[in-house]
2 protein chains.
Amino acid sequence: MPLVPSTTPQPRARRTQAERSAATRARLLDASIGCLIDYGYAGTTTLAVCKRAGVSNGSLLHHYGTRERLLGATLEAVYGRLRGEVVRRLEALPKGDDRIDALVDVLWSAFGAPEFKAILELWLAAASHADLSWSMWPEAQAFDEGNVPLAEALFPEVAARLPDFSTWISLIFQVVQGLGLVNATRPSNVETDALRARTLTLFKAVLRDAFKAEAAPC
Amino acid sequence: MPLVPSTTPQPRARRTQAERSAATRARLLDASIGCLIDYGYAGTTTLAVCKRAGVSNGSLLHHYGTRERLLGATLEAVYGRLRGEVVRRLEALPKGDDRIDALVDVLWSAFGAPEFKAILELWLAAASHADLSWSMWPEAQAFDEGNVPLAEALFPEVAARLPDFSTWISLIFQVVQGLGLVNATRPSNVETDALRARTLTLFKAVLRDAFKAEAAPC
DNA sequence: ATATACAATTAGTCTATACTCATTGTTTAT
DNA sequence: ATAAACAATGAGTATAGACTAATTGTATAT
């Protein structure tokens, strides 16, 4: 084994403590999300997360102290990613686009993603474990409360015209959430996929009709 | 303690074996549903169910053999009850009623019920545990597949007129399911309750508009 | 009446898992 | 260079929960 120290730089370069921490934290959160998707809340054990992350058992506890705190951090992470993605894609929409179709599509890309199953698992866990109270998660609240402003920015004139605009936004979320729930929990097949596509198409038509400037009554 | 044997009939009368079995089974299923609602899937341990049912540990295993089978039976039971209730209430509708509003209300009474949280827990558990496959549950499948025929019986002329009638039914279910999901997982307060009520009202209006006979184009 | 099948109970076993702790390795401050 | 702080490891503990098994109680046959 000849040593060639200076010419071949070590692949694992020298990292600061903060970088080391951040890296293992990210790996743990990724693994936690993956476990939630694959094995559910009960199956997301500390050992399973460690194994998937390639990190020692003690290290997980060093960073998060307890399983519950790890799962809280997981919820924050997965929400943050989803929200970031949604906001980014909505802001990137060209002005003239069919924004209603695009809004539904972007929301579906979030609620139809595998990560939504992780969110579902954590929602239910939080509903049972009182110590995982909903109020503990600012990212989740930001998502919930940021929707209407986001939609108002997309459709300023519709928001001004329709008095129940925020109710319409709620309706949109219910539809996408309902589809996401089915998508996450039922085995997908050709039929269900087709029905979902038709449902989204129909709903877009309903929205277009509701959001368009009222035709003069004849 | 005077003994008055024949005049005071024992409160726990003599029951057949079948009755005894059915009674403890029912108590176990009730307790299981209650545990799912209160503590979630992970918290629905065999011991917790036994304690709540007031039944011994061994008796549970005697009847259901394994925790998994108990939970499968629980899903069947809760689905059966919900489906029975929905069908019964829909069939009891007077002819002339505003049937669209009634359909939404009846569905919401099912998906807004606390039992829906038990269903959610089991849906998610089934999605992770491959051995709890979806196909194992005829009651659940009957619920899923019985919807469109049920709605067609309610709105025969609309079903004949609208080519995408079944898609509309799917849309209705997504909305109610989405609301049920939020209802089951978020702490309820005045605001969320009001928003849900407005969402349902708005959606009913949409449905009335879609289901009514097309006005002649002017 | 008696035997047989079924229902229910209790104590106990075994495994999986959350968490502790003592130790080693790595980075940063002086 | 050295010490102090931080990151990471792996062995070990305590406990909770699924399931077993031997036993007792209760109903239904003959």
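Just so it is clear, the model here is predicted, and its values are computed rather than measured. Order of the sequence lines fixes the chain letters, A, B, ..., with proteins taken first and strands second; residue numbering starts at 1 for each chain.
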Does any pair with a residue in residues 143-153 of chain A pass salt bridge (charged side-chain N to carboxylate O under 4.0 Å, His left out), and if so which ones, sequence neighbours excluded?
Asp144(A)-Arg186(B)

Is Arg81(B) close enough and on-axis enough to Phe143(B), meaning under 6.0 Å and within 45°, for cation-pi?
no

Please list, one pair per line, the donor and acceptor atoms closer than 3.5 Å that link side chains of residues 48-61 of chain B to other protein atoms, with sequence neighbours excluded.
from: Arg52(B); atom 1: NH2; to: Asp38(B); atom 2: OD2; distance (Å): 2.5
from: Ser56(B); atom 1: OG; to: Ser59(B); atom 2: N; distance (Å): 3.2

Below 3.5 Å between N/O atoms, which protein atoms pair up with nucleotides 17-19 of chain C? Just atom names and distances, please.
from: dA18(C); atom 1: OP1; to: Arg67(A); atom 2: NE; distance (Å): 3.4
from: dA18(C); atom 1: OP2; to: Thr46(A); atom 2: N; distance (Å): 2.7
from: dA18(C); atom 1: OP2; to: Thr46(A); atom 2: OG1; distance (Å): 2.6
from: dC19(C); atom 1: OP1; to: Thr66(A); atom 2: OG1; distance (Å): 3.2
from: dC19(C); atom 1: OP2; to: Thr66(A); atom 2: OG1; distance (Å): 3.2
from: dC19(C); atom 1: OP2; to: Arg67(A); atom 2: N; distance (Å): 2.9
from: dC19(C); atom 1: N4; to: Asn57(A); atom 2: ND2; distance (Å): 2.8

So, using ring-ring contact (aromatic ring centres under 6.0 Å, His included) as the criterion, who are the partners of Tyr39(B) when residues are at least two apart?
none

Test salt bridge (charged side-chain N to carboxylate O under 4.0 Å, His left out) applied to Arg83(A) - qualifying residues, sequence neighbours left out:
Glu139(A)

Set of ring-ring contact (aromatic ring centres under 6.0 Å, His included) partners for Tyr64(B), sequence neighbours left out
none

Just to confirm, is there a sub-4.0 Å distance from OP1 or OP2 of dA8(D) to any side-chain nitrogen or oxygen of Thr24(A)?
yes

Hey, what are the protein-to-nucleotides 28-30 of chain C N/O distances that come in under 3.5 Å?
from: dT28(C); atom 1: OP1; to: Gln17(A); atom 2: N; distance (Å): 3.3

What pairs meet the side-chain hydrogen bond (donor to acceptor under 3.5 Å, both in side chains) rule with one or both residues in residues 102-127 of chain A, with sequence neighbours excluded?
Tyr79(A)-Trp123(A), Arg89(A)-Ser109(A), Asp105(A)-Lys204(A), Lys117(A)-Ser128(B)

OP1 or OP2 of dA8(D) less than 4.0 angstrom from a side-chain nitrogen or oxygen of Ser56(A), does that happen here?
no

Short side-chain N/O contact to dA8(D) OP1/OP2 from His63(A), under 4.0 Å:
yes

Please report the distance, rounded to the nearest Å, between CG in Leu28(A) and C1' in dA8(D).
11 Å

Without decimals, in angstroms, what is the distance between Leu60(B) CG and dA7(C) P?
14 Å

Here the salt bridge (charged side-chain N to carboxylate O under 4.0 Å, His left out) pairs for residues 168-183 of chain A, sequence neighbours left out, are none

At under 4.0 Å, does any side-chain N or O of His62(A) touch on OP1 or OP2 of dA7(D)?
yes

